[in-house]
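Taking it in order: structure first as structure tokens, then the write-up.
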Amino acid sequence: MPVHGVPLILLCLSPMWRILIAVSCPRQHTPCQLAERTAVCNNCKLSNVPESHRSDIETLQLDYNDIETLQDTSLQSYPSLKSLSIAFNRLVRIESNTFESSKLLERLNLTNNNLNIGYQETGLALRKLPGIRILDLSENKLDNEMASLLLQNLTSLEHLCLSGNILRRLDENSFRDLHQLKDLDLQRNIIFEIDGAFDSNAQLQRLNLAFNYLPCLTDFHMTQLVFLNVSHNAIEWFISRQELDSTFHLETLDLSNNKLLFFPFLPSKGNLRNLYLSHNIVSFYKHLADNVSYPNSTSTVEFFNVNQYSSNVTAQLWNDDLFGDVSALKVLDLRGNQVTYFPEGFIKNMPFLSSLHMSSNCLETLNLTSEQFSGTLSELDISNNRLSQIFADESTLASLGNLTYFNLSLNGLTELPFGLFSSLQSIRSVDISYNNVNICLSNDVEMSTDAIPACVDWRNIVSLRQLYLKGCHLKAIPSTAFTALSLTHLELSDNPGLVVQNSLQSLSRTLQHLGLGNTQIQDLDFSDFQSLKYLNLSRNSLAHLPPSLQNTDLKVLDLRDNKLSTMPSGQASALASKLQTVFLTGNPFNCCQTEWFRTFETIETLNIVELSKIKCEDLFQVTHSIENSQSFLCLETRDTILFYILLFVPVFVSLLGISVIILLTFKPKMLQKSIKKKYLKPTSY
Ligand SMILES: *[C@@H]1O[C@H](CO)[C@@H](O)[C@H](O)[C@H]1NC(C)=O
Ligand SMILES: *[C@@H]1O[C@H](CO)[C@@H](O)[C@H](O)[C@H]1NC(C)=O
Ligand SMILES: *[C@@H]1O[C@H](CO)[C@@H](O)[C@H](O)[C@H]1NC(C)=O
Ligand SMILES: *[C@@H]1O[C@H](CO)[C@@H](O)[C@H](O)[C@H]1NC(C)=O
Ligand SMILES: *[C@@H]1O[C@H](CO)[C@@H](O)[C@H](O)[C@H]1NC(C)=O
Ligand SMILES: *[C@@H]1O[C@H](CO)[C@@H](O)[C@H](O)[C@H]1NC(C)=O
Ligand SMILES: *[C@@H]1O[C@H](CO)[C@@H](O)[C@H](O)[C@H]1NC(C)=O
Ligand SMILES: *[C@@H]1O[C@H](CO)[C@@H](O)[C@H](O)[C@H]1NC(C)=O
Ligand SMILES: *[C@@H]1O[C@H](CO)[C@@H](O)[C@H](O)[C@H]1NC(C)=O
Ligand SMILES: *[C@@H]1O[C@H](CO)[C@@H](O)[C@H](O)[C@H]1NC(C)=O
């Protein structure tokens, strides 16, 4: 038995032994840390590749050094190398035979160097890598010609990153030899034109062109592409090749932050799941077609292709049903556009839609019944539009059984379908902030007709967790409003004059986040709110903190803009021990009663937001920063008279002195006379 034990221990020790040797070596000898077959030599001020005494190193990291040239001999001692990273160096050149001995190299990371200087020789070197799969050339100041020369004959390349260079134009020569390319990152260049650039890349699946200067994408026909990101360009048109009969594989298309005027003309056969169009100027224009007000307006736009081989594109502008195949769409993000209505059948054509983000558009009405949203809908955000009404009949609401998030805030709604929320069986989060809605009184519900203006009711919605009712002009909350709910978040801020009565007590067990800012609320009993973590009491003219607060487990407390002058020190230390963030600015604190503040200050885990802006007033109503208020003379009230005496006597005395001096300065003769009288009497010798 012991015979077996010994080699086992040796085996365990040997890797450790190696690491120990590596670490204890003199720094200049081997600056690298070795683990398994990886050598990490980052941040060592190296100007050359350190020589290796082991021939089995597969991964070598040399990031953040000062290497300028990789010489023909640099990698000779790394015959097994598969992955090499020389990011963030000063590399200008890789000599043409550098990789002669590293034929196994698959991954090469050269980001943040100066390969624009020695790109020709570097190109020769790269061509000797038969198995290179992943190449990062980002941030190297490369232009079109440099890049296409560097990439010549790299037929095995699968992932290429060229982001942060100065590429302007891509054409059929740019990536001609990259037949295996799957993933291409061209973010943050200055590309304004693409002409047949990807025709040789039949395997390309992911293409990122974000942050460039493309003015349009017409005749899009890359059927093999799965992911395309063209966000943050200047795109006015996205038109896919219409007559193409093959199915596009595109699943994700990001066209956000462009200048699209029209909904993109998507492939007519496809599999698109995620479409991001936020921050464009997309609208629908049916009302302009065949309109007597615009008799001569044209209804087609033709794109003439400079390249004679590809066909011209004609788009029927006012035709709302030209959106292509949206039948697989799950996420549609149209935030920040100019949509005033949904064309007929638009939503109905998306039977798998799960998230629709429409915030900050111009929707005026919404008829959920006629739009026919799918039962798969889970998030609906129509906040910040111009909706005054929403319509839906009972069966429509019942069919939205998967809706969990519904944001209607910032709309001026005055009418809501009867029983809107109580019909949504999975709803978790509802935001109705900044509308003219009210909470139904209990008898409203019984005598229900469809005519009750904007009164919301959510009794018995067991799934509801978050309810946002900011700025709804609420005056009173019926005491039974929240019974049987298990809310964790409740926002009632910005309802000045709100009377909450006992309505909140039924939530005391579950509530974690409570917003009561700007409600003029005065005294509330928080003793039962065991789960409360966030409480907003800002802008409420509070002169005292509710004493029950010290029994809570609060992490965030907003007390800004109240009338607090101090805090009882027992309460302060109870609060401070649990709080993580506290907001205190805008209160008239008393500089002479800042013991509570010293308690807060000493707790290191407590973040006092805008500490330097918390002010206090001294005896003379002069404001100081509360941080430096220690040095002020503060006295008890009974000492105040003494204080005044002490203060005024010296002032009075100095004033008297000054007037005497002034008097004597202006009438100096008086002085001379008196001196003469007293001391210059003639002597009697
Ligand atoms: C190259 O290295 C940088 C810095 O370490 C890293 O951020 C980047 O992801 C790497 N590139 C690739 C393709 O792995
Ligand atoms: C690049 O590939 C072409 C065609 O396959 C070949 O003729 C040429 O010699 C190659 N160039 C280099 C430098 O390997
Ligand atoms: C597209 O690229 C931008 C910029 O890098 C990024 O913020 C965005 O998340 C990307 N879009 C997708 C769908 O990944
Ligand atoms: C014609 O255009 C005007 C102005 O945009 C619009 O108000 C009107 O509804 C349109 N008429 C038709 C028939 O769509
Ligand atoms: C429309 O076109 C016709 C013929 O081209 C022309 O006579 C007419 O004045 C135009 N109308 C307007 C409103 O431009
Ligand atoms: C595209 O339009 C131009 C200008 O009318 C024309 O010369 C060219 O032949 C058209 N190309 C095709 C493929 O139809
Ligand atoms: C909403 O749409 C349904 C179905 O198209 C229709 O019957 C109903 O009248 C519409 N409601 C309003 C108020 O337009
Ligand atoms: C909710 O979605 C699931 C699948 O995502 C579906 O089977 C179910 O019918 C949907 N519920 C309703 C009420 O439509
Ligand atoms: C609802 O939308 C508004 C405006 O877009 C946003 O500020 C708010 O955070 C959203 N509410 C929730 C609960 O996400
Ligand atoms: C508290 O509520 C006020 C009034 O709505 C708001 O301005 C403030 O941002 C809220 N505080 C926090 C920490 O969110």
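Order of listing sets the numbers, starting from 1, for every ligand and every atom in it. Computed from a predicted model, the values in this text were never measured in an experiment.
- Against a heavy-atom cut-off of under 4.0 Å, N229 is close to the following atoms of ligand 3: 1 (C), 2 (O), 3 (C), 8 (C), 10 (C), 11 (N), 12 (C).
- Contact atoms of ligand 3 toward Y276: 13 (C) (distance under 4.0 Å to a heavy atom of the residue).
- No side-chain donor-acceptor contact under 3.5 Å links S256 to the backbone of S231.
- Residue Q187 places at least one N or O, backbone or side chain, under 3.5 Å from an N or O of ligand 3.
- A distance-only check finds a donor-acceptor pair linking the side chain of N140 to the backbone of L115 [under 3.5 Å].
- Near Y468, with a cut-off below 4.0 Å to any heavy atom, the atoms of ligand 9 are 13 (C).
- Distances below 4.0 Å separate heavy atoms of S231 from the following atoms of ligand 3: 1 (C), 2 (O), 3 (C).
- Numbered from 1 in the order shown, with element, the atoms of ligand 3 that lie under 4.0 Å from a heavy atom of F211 read 4 (C).
- The distance criterion of under 3.5 Å between nitrogen or oxygen atoms is met by N407 with respect to ligand 9.
- Considering backbone and side-chain N/O of S429, none are found under 3.5 Å from N/O of ligand 9.
- When only interatomic distances are considered, the shortest N/O to N/O separation between N208 and ligand 3 does not fall below 3.5 Å.
- Remark: ligand 9 and Y405 share an N or O pair separated by less than 3.5 Å (distance only, no angle test).
- Side-chain N or O atoms of D558 include none that pairs as donor or acceptor with a backbone N or O of G517 at under 3.5 Å.
- Listed here is the closest heavy atom pair of T480 and T483: O-OG1, 2.8 Å.
- Checked by distance only, ligand 9 and D431 come closer than 3.5 Å through their nitrogen or oxygen atoms.
- Considering only heavy atoms from C-beta on, F263 stays 4.5 Å or farther from N337 through its side chain.
- Every atom of ligand 9 with a heavy atom of S383 under 4.0 Å away is listed here by number and element: 2 (O), 3 (C), 4 (C), 5 (O).
- Listed for the S240 side chain is a donor-acceptor partner under 3.5 Å among the backbone atoms of L266.
- Closest heavy-atom contact between L408 and F421: CD1-CZ, 4.1 Å.
- Few gaps surround NE2 on H513; more than 12 heavy atoms of other groups in view lie less than 6.0 Å from it.
- Contact residues of ligand 7 (protein heavy atom closer than 4.0 angstrom to a ligand atom; sorted by chain and number): N367, T369, S370, F391.
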| task | Report the C-alpha distance between E236 and K259 in whole Å, list the side-chain angles of each, state the deciding distance to 0.1 Å, and finish with yes or no for salt bridge (charged side-chain N to carboxylate O under 4.0 Å, His left out). | result | CA-CA 5 Å; E236 291 181 8; K259 296 181 179 165; 5.6 Å; no
May I have the list of side-chain donor-acceptor pairs in residues 366-373 shorter than 3.5 Å, sequence neighbours left out?
{"from": "N367", "atom 1": "OD1", "to": "T369", "atom 2": "N", "distance (Å)": "3.1"}
{"from": "N367", "atom 1": "OD1", "to": "S370", "atom 2": "N", "distance (Å)": "3.3"}
{"from": "T369", "atom 1": "OG1", "to": "D393", "atom 2": "N", "distance (Å)": "3.0"}
{"from": "T369", "atom 1": "OG1", "to": "T396", "atom 2": "OG1", "distance (Å)": "3.0"}
{"from": "S370", "atom 1": "OG", "to": "N367", "atom 2": "O", "distance (Å)": "3.3"}

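- In this structure, F88 and Y64 have parallel ring planes: the angle between them is below the 30° cut-off, well short of the 60° mark.
- The distance from ligand 3 to the heavy atoms of D254 drops below 4.0 Å at these ligand atoms: 1 (C), 8 (C), 10 (C), 11 (N), 12 (C), 13 (C).
- Counting non-hydrogen atoms of other residues, nucleotides and ligands closer than 6.0 Å to CD of E394 gives a total of 12 or fewer.
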